[in-house]
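What follows is a short report on a single structure.
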Amino acid sequence: MAPSALPDRPSTPSPSLPRPRILVPEKVSAEGLALLKAHYAVDVRSGLSPDDLLSLIPSYHGLIVRSETKVTAAVLEAGHNLRVVARAGVGVDNIDVAAATAHGIVVVNSPAGNIVAAAEHTIALLLAVARNIGRADASLKAEKWERSKLVGVEVGRKTLGIIGLGKVGMKVARMAIGLGMRVVALDPYASADVAKQAGVQLVLSLDALLPEVDFLTIHTPLLASTLNLLGEAEFKKMKKSARVLNVARGGVYNEAALVRALDEGWIAGAGIDVFTTEPVAEGTPAARRLAGHERVVATPHLGASTVEAQENVSMDVCTQVLEILRGGLPTAAVNAPLIMPEEYRRLQPFVRLIERMGGLYTQHFAGGRGGMVGGRRFELVYHGELASISNTRPLFAALVKGLVSPISDAGGRDVNIVNAGLVARERGIAIDERHVHDESSGSPPTYAGLVTLRSLDGVGGEQAMEGYVSGTAIYISKLDRFEANFHPEGTLLILHNYDQPGMIGNVGMVLGRHGINIGSMQVARLNREARLAMAKTAAGAGGLVDGPVVEIGEEEEKAAKEALMIVGVDGDVTKEVLQELVEDEGILNVSLIRL
Ligand SMILES: NC(=O)C1=CN([C@@H]2O[C@H](COP(=O)(O)OP(=O)(O)OC[C@H]3O[C@@H](n4cnc5c(N)ncnc54)[C@H](O)[C@@H]3O)[C@@H](O)[C@H]2O)C=CC1
Ligand SMILES: O=C(O)C(=O)COP(=O)(O)O
């Protein structure tokens with residue numbers, strides 16, 4: 001997702017708006033931060049206490065953390081400007097994701113940036129535990145020479161058990177097979193085919209796994225279902241010579257039980273990188289005893305701490321933060337519909353188009369009044385290329401965001417793709433989606449994809465709008481009964497007027513008097529169906545419904561010449577300006593649209 005592929009949003013915020021601010025309370029690699037520093041104010045502040053974080057967070061729009069910062073519900077509540085929390089790594093157990101979702105804050109991570117590092121660290125601990133590397137090093141530094149006390153075991157031809165055969169687990173499996181080990185794994189969600197191809201034997205229960213293994217490693221996330229997955233009963237089922245590893249999360253092995261298993265000799269040793277409470281020195285007695293145990297090789301959560309992994313995760317998350325703060329979509333959102341990078345380029349212009357259509361609906365048809373959007377039923381119809389897209393969740397969410405953003409009073413916080421579904425339900429907005437594959441259905445062949453938005457129970461009958469994407473540019477091609485072709489962008493005045501001489505000049509004069517610059521102007525005329533309907537009504541009035549000669553009265557003639565004037569403006573359009581415009585001869589109404 002190169003920034004150059006981004007649509008036409010400004011690459012830096014407008015100078016009149018305060019620069020968005022990003023807080024980085026942990027060590028995050030400079031490569032990614034440099035990307036952000038070009039656009040935003042980035043404050044790297046390590047060593048913050050939880051109270052410091054709470055008091056600082058209200059002025060930040062983005063927060064980038066690793067595993068040390070606890071992003072609690074209180075922090076998310078206090079961060080009323082926050083739009084994104086980025087985890088420069090994999091595990092998000094230090095972030096209250098549910099609270100972030102409720103507040104409409106996107107949580108992103110780097111799902112693959114550090115898996116090699118984590119797998120290699122696991123292998124490092126495996127060999128260190130097998131060959132007593134930690135004790136040997138300490139002993140030699142204490143000027144001892146204890147060769148006979150430090151005899152190890154080989155890993156080749158031994159059995160490694162893996163719990164959690166995901167990205168890290170699978171990498172560890174391949175490396176272990178490379179070391180000549182037999183690998184057995186337990187993961188109820190793993191693909192049997194993938195496991196088989198990698199030469200890993202899947203088992204179905206802990207009971208089948210534990211008595212078999214010489215080494216055991218866990219690579220699951222910390223979840224309610226994995227907390228204390230192994231306790232005293234499980235350690236007792238293992239061989240006395242077995243050694244266990246943990247480069248996933250503290251708590252999957254019950255720490256007190258593991259200490260007891262080592263003390264009592266139920267197992268022979270452990271290699272531990274992660275603890276229930278970190279840093280360990282300030283942690284629980286069990287965590288401290290584990291780290292200090294002579295049969296344990298302990299490292300201070302170093303699994304992801306390689307130069308390469310830190311560069312990867314930093315680039316991954318900073319690119320997403322940049323994108324989100326520009327109004328774009330993340331590629332690895334933990335709490336939002338996931339858009340794969342290959343889908344991103346294709347969907348992004350449509351997401352923008354549909355969001356703008358929603359904004360246009362609320363501000364033009366509903367006049368910015370929330371009551372006219374809430375409780376409504378909409379139909380979103382995808383034509384052309386768009387009709388073949390099966391994952392339309394981002395498009396659906398974009399419509400909700402567009403409809404609700406202009407009337408959102410959620411403390412000024414933007415509605416985004418994370419909380420859009422929730423917001424729609426709260427406001428009683430229903431959206432039906434329809435895919436129209438028929439090319440002859442009205443989709444002009446040059447359009448990459450056409451979208452129709454209808455309000456099915458709009459006041460005064462059905463209201464419809466059409467838009468399309470060409471390249472990365474977006475256009476509105478129909479607004480109710482009018483054929484248009486304008487970019488739904490910036491500040492627009494949409495004037496509904498009689499199509500008579502002098503209209504453009506008058507509007508120009510009013511705006512000029514108020515120092516408002518016109519950036520673009522377009523006249524949208526009634527579409528064919530509207531003109532035909534008009535003619536039929538007129539003919540009906542004259543009693544000549546299907547007759548060749550249609551007598552059109554003065555009023556009908558005027559109505560047949562209705563048009564929309566779409567004026568792109570720079571500068572502030574006040575209520576007074578709108579009033580003056582609407583008082584102009586020939587203007588039926590005016591709406592001010594900010595997109
Ligand atoms: N120590 C460190 O610095 C690092 C730690 N990690 C941690 O490693 C863990 C794994 O990361 P990934 O492989 O990227 O995650 P992943 O999501 O790719 O894999 C996790 C696997 O665990 C499996 N699983 C879930 N519940 C299970 C259960 N009850 N029994 C058996 N299997 C279960 C899932 O099916 C999945 O295949 C995460 O907790 C992550 O935070 C990751 C990177 C660095
Ligand atoms: O990515 C993960 O899940 C990790 O545990 C890495 O943690 P860290 O970023 O090194 O604090």
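Order of appearance sets the numbers: ligands from 1, and atoms from 1 within every ligand.
Of the protein's non-hydrogen atoms, the one nearest atom 29 (N) of ligand 1 is Thr226 CG2, 3.6 Å. In this structure, atom 40 (C) of ligand 1 lies nearest to the protein heavy atom Val90 CG1, 4.0 Å. Protein heavy atom closest to atom 10 (C) of ligand 1, with residue, atom name and distance, is His219 O, 3.4 Å. Nearest protein heavy-atom neighbour of atom 37 (O) of ligand 1: Asp187 OD2, 2.7 Å. Given atom 16 (P) of ligand 1, the protein heavy atom at minimum distance is Lys167 NZ, 3.7 Å. Here the protein heavy atom with the shortest distance to atom 11 (O) of ligand 1 is Val168 CG2, 3.8 Å. Summary of contacts: the protein heavy atom closest to atom 11 (O) of ligand 2 is Ser67 OG, 2.5 Å. Among protein heavy atoms, the minimum distance from atom 6 (N) of ligand 1 is reached at Val247 O, 3.9 Å. Summary of contacts: the protein heavy atom closest to atom 43 (C) of ligand 1 is Asn114 OD1, 3.2 Å.
Contact between Ala248 and ligand 1 is present, with at least one heavy atom of the residue lying under 4.0 Å from the ligand.
Considering both main-chain and side-chain atoms, Val274 never comes within under 3.5 Å of ligand 1 through any nitrogen or oxygen pair. Ligand 1 has no nitrogen or oxygen under 3.5 angstrom from a nitrogen or oxygen of Pro188. The shortest N or O to N or O distance between Thr220 and ligand 1 is under 3.5 Å. For ligand 1, none of its N or O atoms has an N or O atom of Asp93 under 3.5 Å away. For a threshold of 3.5 Å applied to N or O pairs, the pair formed by Arg66 and ligand 2 contains at least one separation below that value.
Listed by chain and residue number, Glu31, Gln310, Glu311, Ser314 satisfy the side chain to side chain contact (heavy atoms under 4.5 Å, CB included) test with Ser29 (two or more places apart in sequence, or in another chain).
Judged by distance alone, the side chains of Glu212 and Thr159 never bring a donor and an acceptor atom under 3.5 Å apart. If you check the side chains of Thr299 and Asp273, you find a donor sitting under 3.5 Å from an acceptor. Arg21 and Tyr60 are linked by a side-chain donor-acceptor pair at a separation below 3.5 angstrom, with hydrogens and angles left out of the test.
Counting heavy atoms under 4.0 Å from ligand 2, residue Asn114 touches it through the side chain alone.
The closest non-hydrogen atom to atom 4 (C) of ligand 2, taken over Lys27, Gln310, Arg87, comes from Arg87.
Interface of Ile163 with ligand 1, defined as ligand atoms under 4.0 Å from a residue heavy atom, comprises 31 (C).
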